[in-house]
Colleague: 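Below you'll find the structure I mean.
All heavy atoms count here, side chains included; hydrogens, waters and symmetry mates do not.
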Amino acid sequence: MTSDLIAKVEQKQLKTNKPQFDIGDTVDVHVKIVEGEKERVQVFNGTIIARKGTGINETFTVRRMVGSEGVERIFPTHSPNVIKVDVKRSGYTRRSKLYFLRQRTGKAVRLREVWTGKAAKKKTK
């Protein structure tokens with residue numbers, strides 16, 4: 001009974017247009033930042049290294065390099081503060097968690113790109 005009630009309340013909070021992205025994608029995450037009375041949108045760009053959870057508890061982890069330091073940020077998928085997620089490029093991965101990228105630096109962090117669109121269709125024909 002209580003789990004049905006919780007599911008019904010959570011259903012109202014879920015986003016209807018959930019962003020479509022995958023592990024290994026390089027994305028721009030537009031996040032609403034509130035500073036006192038002012039609101040602004042900040043863009044955090046990086047590679048998605050993990051997704052976990054389901055429903056209202058679903059999160060994804062984005063990693064980027066700032067200087068020589070790695071910065072990771074965990075975003076709730078259904079948060080009202082996550083305005084949109086733009087996929088810039090898709091990376092080919094064989095794993096669901098890319099934690100091995102934490103030990104890599106420089107060009108070794110890059111993933112092989114998955115080609116989509118007109119160029120990929122011409123190559124497959």
Colleague: Please identify each residue that fulfils side-chain contact (heavy atoms from CB on, under 4.5 Å) with Val34, with sequence neighbours left out.
Modeller: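 Val34: side-chain contact (heavy atoms from CB on, under 4.5 Å) contacts with Glu39.
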Colleague: Which pair of heavy atoms, one from Asp22 and one from Asp25, lies closest together, and at what distance?
Modeller: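 Shortest heavy-atom contact: N-OD2, 2.9 Å.
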Colleague: I'd like to check the salt bridge (charged side-chain N to carboxylate O under 4.0 Å, His left out) partners of Lys52; sequence neighbours left out, ordered by chain and number.
Modeller: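 By the salt bridge (charged side-chain N to carboxylate O under 4.0 Å, His left out) rule, Lys52 matches no residue at all.
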Colleague: Hey, could you give me the CD1/CG distance between Ile49 and Leu111, rounded to the nearest 0.5 Å?
Modeller: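 The CG atom of Leu111 is 11.0 Å from CD1 of Ile49, to the nearest 0.5 Å.
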Colleague: Applying salt bridge (charged side-chain N to carboxylate O under 4.0 Å, His left out), name anything that partners Arg40, two or more places apart in sequence or on another chain.
Modeller: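 Only Glu35 meet the salt bridge (charged side-chain N to carboxylate O under 4.0 Å, His left out) criterion with Arg40.
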Colleague: Can you get from Val29 to Val71 by hopping between Ile, Leu, Val, Met, Phe, Trp and Tyr side chains that sit under 4.5 Å apart?
Modeller: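 Yes, same cluster.
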Colleague: Around Arg95, counting heavy atoms of other residues, nucleotides and ligands shown, do more than 12 lie under 6.0 Å from its CZ?
Modeller: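 No, because the 6.0 Å sphere around CZ of Arg95 holds 12 heavy atoms or fewer from other groups.
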Colleague: Tell me the side chain to side chain donor-acceptor pair (under 3.5 Å) pairs involving residues 5-20, sequence neighbours left out?
Modeller: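 Listed once each, the pairs are Lys18-Glu58.
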Colleague: Return the CD1 to CZ distance between Ile48 and Arg63, rounded to the nearest 0.5 Å.
Modeller: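 Ile48 CD1 to Arg63 CZ: 14.5 Å, rounded to 0.5 Å.
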Colleague: Go through Arg73 and Val31 one step at a time and tell me if the side chain to side chain contact (heavy atoms under 4.5 Å, CB included) criterion holds.
Modeller: CA-CA 11 Å; Arg73 200 160 164 197; Val31 185; 4.0 Å; yes
Colleague: Step by step, work out the side chain to side chain contact (heavy atoms under 4.5 Å, CB included) result for Phe100 and Leu98.
Modeller: CA-CA 5 Å; Phe100 65 90; Leu98 304 181; 3.6 Å; yes
Colleague: Would you give the length of the straight line joining atom CD of Gln42 to atom NZ of Lys32, rounded to the nearest 0.5 angstrom?
Modeller: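 The CD atom of Gln42 sits 14.0 Å away from the NZ atom of Lys32.
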Colleague: Applying salt bridge (charged side-chain N to carboxylate O under 4.0 Å, His left out), name anything that partners Asp28, two or more places apart in sequence or on another chain.
Modeller: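 Asp28: salt bridge (charged side-chain N to carboxylate O under 4.0 Å, His left out) contacts with Lys88.
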Colleague: Evaluate whether atom CD1 of Ile74 has more than 12 neighbouring non-hydrogen atoms of other residues, nucleotides or ligands under 6.0 angstrom away.
Modeller: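 No, because the 6.0 Å sphere around CD1 of Ile74 holds 12 heavy atoms or fewer from other groups.
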Colleague: Asn45 vs Thr26, test: side chain to side chain contact (heavy atoms under 4.5 Å, CB included). Steps then yes/no.
Modeller: CA-CA 7 Å; Asn45 59 345; Thr26 301; 5.9 Å; no
Colleague: Which pairs count as ring-ring contact (aromatic ring centres under 6.0 Å, His included) when at least one residue sits in residues 62-84, sequence neighbours excluded?
Modeller: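 The answer is Phe44-Phe75, Phe60-Phe75.
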Colleague: Surrounding CD of Gln103 (heavy atoms of other residues, nucleotides or ligands, distance under 6.0 Å), is the total greater than 12?
Modeller: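 Counting neighbours around CD of Gln103, more than 12 heavy atoms of other residues, nucleotides or ligands fall under 6.0 Å, so yes.
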